Amino acid sequence: MHFTKERLDALEKHTRSHLINSLSGFKSANLIGTQDLQGNTNLSIVSSVIHLGANPPLVGMIIRPHSVPRHTFENILQTGLYTINQVNQSIYEQAHQTSARYDKDESEFVATGLTPEYLSDFSAPFVKESRLKYSVKLVEQQHLAINGTEFVIGEIVDVYVDDDAVQTDGFIDLHTIDTVAISGLDCYYTGNKLARLPYAKK
């Protein structure tokens, strides 16, 4: 099957969205926890979290255009703090439901039955049911003029992970904590580990 630029442009909006969103393959599924200055909590699923560096420990994520209210983005700009909570098999349906458009005074925690958790005096809420989560401080935000999205860069402050998932060399075995991945906008997968390979040399 061959999709030319012209054929892509001619596709119905949702068909094109599903197709293009599937091209990048499996993506991480994460819940972003925030809280505004009035104490309203927000939770949203994001599949664009990427590693940017280990020293300092940086992560980036893309947030869709601010053409409609984006409570997660607004809270991050307001407070500079957020949490990233990896989705596992036991909560993926609740995590997906956070993508619905709730009003700002409606907490996705309450709507989905997930539990807010506050750790180490960090003001943004974690997801108690997540087995790998970390607190993040905003360090840079870039508006991408080409499509109106926002690139949010944060520095990792604290990491919380199940003890049995961390190997002696620091590697986190996601399979042991039932991590799920996303393909496209709405298809969730579990992963089977093939192998860890040695460092590649010539």
Side-chain angles (χ1 to χ4, degrees), residues 26-52 57-64 69-138 150 152-166 172-183 185-191:
F26 298 127
K27 298 170 288 187
S28 64
N30 296 281
L31 286 164
I32 310 303
T34 61
Q35 180 170 288
D36 66 18
L37 295 178
Q38 289 70 47
N40 297 306
T41 58
N42 178 262
L43 194 62
S44 63
I45 191 164
V46 169
S47 62
S48 62
V49 172
I50 57 170
H51 164 79
L52 290 180
L58 299 175
V59 288
M61 65 179 176
I62 294 290
I63 294 181
R64 289 183 294 174
R70 301 286 181 203
H71 304 141
T72 293
F73 182 58
E74 293 164 6
N75 291 350
I76 290 173
L77 292 183
Q78 188 180 88
T79 67
L81 303 174
Y82 53 106
T83 67
I84 299 180
N85 306 266
Q86 208 166 83
V87 177
N88 55 58
Q89 291 183 49
S90 65
I91 61 171
Y92 78 93
E93 291 177 299
Q94 293 159 287
H96 181 75
Q97 182 60 32
T98 66
S99 63
R101 292 187 178 179
Y102 293 96
D103 292 334
K104 185 168 178 59
D105 60 354
E106 291 182 282
S107 172
E108 288 82 0
F109 283 100
V110 174
T112 63
L114 292 170
T115 310
E117 180 179 36
Y118 294 89
L119 300 170
S120 301
D121 295 322
F122 198 75
S123 63
F126 294 87
V127 177
K128 186 174 184 177
E129 293 82 0
S130 176
R131 301 173 67 182
L132 168 57
K133 48 203 166 193
Y134 42 104
S135 54
V136 186
K137 181 194 298 187
L138 176 67
E150 306 289 341
V152 176
I153 301 172
E155 182 170 3
I156 297 168
V157 180
D158 287 293
V159 177
Y160 304 90
V161 59
D162 284 11
D163 292 345
D164 57 357
V166 184
I172 298 175
D173 187 348
L174 301 180
H175 185 69
T176 67
I177 52 176
D178 299 324
T179 295
V180 302
I182 299 178
S183 176
L185 297 169
D186 53 15
C187 192
Y188 294 81
Y189 293 82
T190 58

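Please read these numbers as outputs of a predicted model, since none were measured by experiment.
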| query | Is Arg70 salt-bridged to Glu150, going by a charged N under 4.0 Å from an acidic O? | reply |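 No, Arg70 and Glu150 are not salt-bridged.
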About how many Å separate [atom2] of [Y] and [atom1] of [X], when rounded to the nearest 0.5 Å?
{"X": "Ser130", "Y": "Ile177", "atom1": "OG", "atom2": "CD1", "answer": "7.5 Å"}
{"X": "Ser135", "Y": "Asp121", "atom1": "OG", "atom2": "CG", "answer": "11.0 Å"}
{"X": "Asn85", "Y": "Ile91", "atom1": "CG", "atom2": "CD1", "answer": "7.5 Å"}
{"X": "Ile50", "Y": "Ile153", "atom1": "CD1", "atom2": "CD1", "answer": "8.5 Å"}
{"X": "Gln78", "Y": "His71", "atom1": "CD", "atom2": "NE2", "answer": "11.5 Å"}
{"X": "Asn40", "Y": "Asp105", "atom1": "CG", "atom2": "CG", "answer": "7.0 Å"}

On a heavy-atom basis, which atom in [X] and which in [Y] lie closest, and how many Å separate them?
{"X": "Ile84", "Y": "Ile32", "result": "CG1-CD1, 3.8 Å"}
{"X": "Thr41", "Y": "Pro125", "result": "CG2-CG, 4.1 Å"}
{"X": "Thr98", "Y": "Leu43", "result": "CB-O, 3.4 Å"}
{"X": "Thr34", "Y": "Ala124", "result": "CA-CB, 4.4 Å"}
{"X": "Tyr134", "Y": "Phe126", "result": "C-CE2, 3.6 Å"}
{"X": "Val152", "Y": "Ile76", "result": "CG1-CG2, 4.4 Å"}

| task | For His96 and Asp186, indicate whether the former's side chain and the latter's backbone hold a donor-acceptor pair under 3.5 Å. | result | no
Flag the pair [X] / [Y] as yes when at least one side-chain heavy-atom distance between them is below 4.5 Å, and no otherwise.
{"X": "Asn30", "Y": "Met61", "result": "no"}
{"X": "Tyr118", "Y": "Gln35", "result": "yes"}
{"X": "Leu31", "Y": "Leu114", "result": "yes"}
{"X": "Thr83", "Y": "Lys133", "result": "no"}
{"X": "Ile182", "Y": "Ile45", "result": "yes"}
{"X": "Phe122", "Y": "Asp158", "result": "no"}
{"X": "Val161", "Y": "Arg131", "result": "no"}
{"X": "Leu132", "Y": "Asp162", "result": "no"}

| Given Leu52 and Glu155, is the side-chain contact (heavy atoms from CB on, under 4.5 Å) satisfied, shown in steps? | CA-CA 10 Å; Leu52 290 180; Glu155 182 170 3; over 6 Å; no
| How far apart are the C-alpha atoms of Asp36 and Thr79, what are their side-chain angles, what is the distance that settles it, and do they pass the side-chain contact (heavy atoms from CB on, under 4.5 Å) test? | CA-CA 7 Å; Asp36 66 18; Thr79 67; 5.6 Å; no
| task | For Asn42, enumerate each residue passing the side chain to side chain donor-acceptor pair (under 3.5 Å) test, keeping only those at least two apart in sequence or located in another chain. | result |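 With sequence neighbours excluded, Asn42 shows a side chain to side chain donor-acceptor pair (under 3.5 Å) to Thr72, Glu108, given in chain and number order.
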| request: Sequence neighbours left out, what passes side chain to side chain donor-acceptor pair (under 3.5 Å) with Gln97? Give chain and number order. | output: Tyr102
| said: Surrounding OH of Tyr92 (heavy atoms of other residues, nucleotides or ligands, distance under 6.0 Å), is the total greater than 12? | reply: no
| said: Within a 6.0 Å radius of atom NZ on Lys128, are there more than 12 heavy atoms belonging to other residues, nucleotides or ligands? | reply: no
| message | Can you see whether Ser28 engages Gln86 through a side-chain donor-acceptor pair at a distance of less than 3.5 angstrom? | response |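 Short answer, no.
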